Number of protein chains: 2
Amino acid sequence: MFLGTYRHSVDAKGRVAIPARFREQLPTGTVISKGAEGCLQVYPPQEWAQEQGLRLGSMTPAEERRLARMMFGAARECEFDGQGRIVLSADQRQYAAITNVAWIVGVNNLIEIWNDEQWRRIGEATPEEYTRIQDQVAERRRAHNT
Amino acid sequence: MFLGTYRHSVDAKGRVAIPARFREQLPTGTVISKGAEGCLQVYPPQEWAQEQGLRLGSMTPAEERRLARMMFGAARECEFDGQGRIVLSADQRQYAAITNVAWIVGVNNLIEIWNDEQWRRIGEATPEEYTRIQDQVAERRRAHNT
DNA sequence: CACAAAGTGGGGAAAAGTGGGGACTATGAG
DNA sequence: CTCATAGTCCCCACTTTTCCCCACTTTGTG
């Protein structure tokens with residue numbers, strides 16, 4: 001389980017430290033790829049395995065072909081240096097518009113990496129916003145169950 | 001079961017003592033996150049387990065992605081020091097507008113943490129208000145069941 | 001009143017994060 | 001083939017944060 005938000009700096013070489021709390025839950029075979037809303041997503045092995053339902057074949061619809069290409073094409077295995085950092089490739093930094101600072105967010109089963117501005121828009125919420133969205137999702141689920 | 005209201009101080013390092021009565025009911029795996037109306041909520045493990053239905057994947061709708069990011073991003077596992085205190089992160093203190101004082105309230109299955117002013121507004125009620133709200137809830141339930 | 005339990009505050013060691021130097025490799029040009 | 005350039009990776013040193021421990025104060029209880 002990944003919890004919490006951390007603000008880390010990205011140096012000139014594209015390196016970011018992954019918070020120690022997260023790192024100790026990430027065995028080899030961990031993968032980083034593109035995610036929705038312009039973030040990067042880090043998948044522990046068992047989560048990545050679930051995404052592999054997405055396959056190319058003669059039966060695959062066009063949209064899934066497109067998703068599969070983007071998702072797997074952008075993916076890389078995470079390699080940590082002695083200080084617990086990974087290197088974000090130039091592509092990945094461009095996709096997520098990350099320059100000097102990255103927000104690293106634990107979202108239950110995945111880890112997401114955001115740039116400064118986007119995270120402020122998506123992740124930070126006033127109490128009013130938070131309450132509204134919580135009620136919205138609850139309402140939606142209630143409607144769905146009945 | 002968590003009952004009662006306690007006023008504790010928050011020191012410069014963001015530490016708050018959790019009342020001993022509560023602490024002895026909180027095993028490891030307890031989580032603290034944002035709650036509605038600008039409070040923080042402490043979830044014992046079995047309560048938190050219910051929130052984990054919310055996961056990220058290529059099938060997750062946009063609203064749930066947003067909620068998951070805010071909720072898990074703001075969450076931390078509770079770690080008690082030798083004195084029975086937990087550390088509220090800077091984010092959490094900002095969200096709940098907590099500075100030097102926190103109100104810690106047992107609300108049946110969860111514990112809530114409020115700032116001074118908000119708790120006065122939410123928690124203290126005149127007999128008239130209390131009566132009115134009780135009637136409102138009763139009415140809503142009656143309408144919902146029929 | 002005395003003792004025990006709970007809460008408060010601060011100092012210091014250990015861990016985590018940050019930045020840069022330098023060696024090795026690969027690639028491409030002269 | 002040789003050299004220059006860029007990119008990667010490993011290592012070391014510094015800074016910042018976290019958390020563990022100790023001591024004091026307050027509260028509650030017999």
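Residue numbers begin at 1 in each chain, while the letters A, B, ... track the order of the sequences. Bear in mind that the values here come from a model prediction, so they are computed numbers and not experimental data.
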*Salt-bridged, B:E139 to B:R142, with N to O below 4.0 Å?*
yes
*asked:* Reading DNA chain C from 5' onward, which residue's closest nucleotide shows up sooner: B:E24 or B:D81?
replied: B:E24
*Ring centroid separation B:F72 to B:W48 under 6.0 Å*: yes
*Using the closest heavy atom to pick a nucleotide of DNA chain D for each, name whichever of B:R21 or B:R76 lands nearer the 5' end.*
B:R76
*asked:* Could you tell me how far apart A:L88 (CG) and D:dC9 (P) are, to the nearest whole angstrom?
replied: 13 Å
*When the distance from CZ of B:R7 to C1' of D:dT26 is rounded to whole Å, what number comes out?*
14 Å
*Given atom CD of A:Q83 and atom C1' of D:dT8, what is their separation to the nearest angstrom?*
15 Å
_Whole angstrom value for the distance that separates P of D:dT17 from CZ of B:R15_ = 16 Å
*Would you mind reading off the distance between A:D11 atom CG and D:dT15 atom P, rounded to a whole angstrom?*
17 Å
*Answer whether the closest heavy-atom distance between the side chains of A:I104 and A:F2 falls below 4.5 Å.*
no
*asked:* For residues 70-80 of chain A, which residue pairs pass the side-chain hydrogen bond (donor to acceptor under 3.5 Å, both in side chains) check, not counting sequence neighbours?
replied: none
*A:R141/B:E63 salt bridge by N-O under 4.0 Å criterion*: no
*Tell me which of A:G82 and B:F80 sits closer to the 5' end of DNA chain D, going by the nucleotide each one is nearest to.*
A:G82
*Taking atom CD1 of B:I111 and atom CD1 of B:I113, what is their separation to the nearest 0.5 Å?*
7.5 Å
*Taking CD from B:E79 and C1' from D:dT17, how many angstroms apart are they, rounded to a whole number?*
14 Å
*Mind checking which nucleotides bracket the chain B contacts on DNA chain C, 5' to 3', with an atom under 4.0 Å from a heavy atom?*
C:dA6 to C:dG11
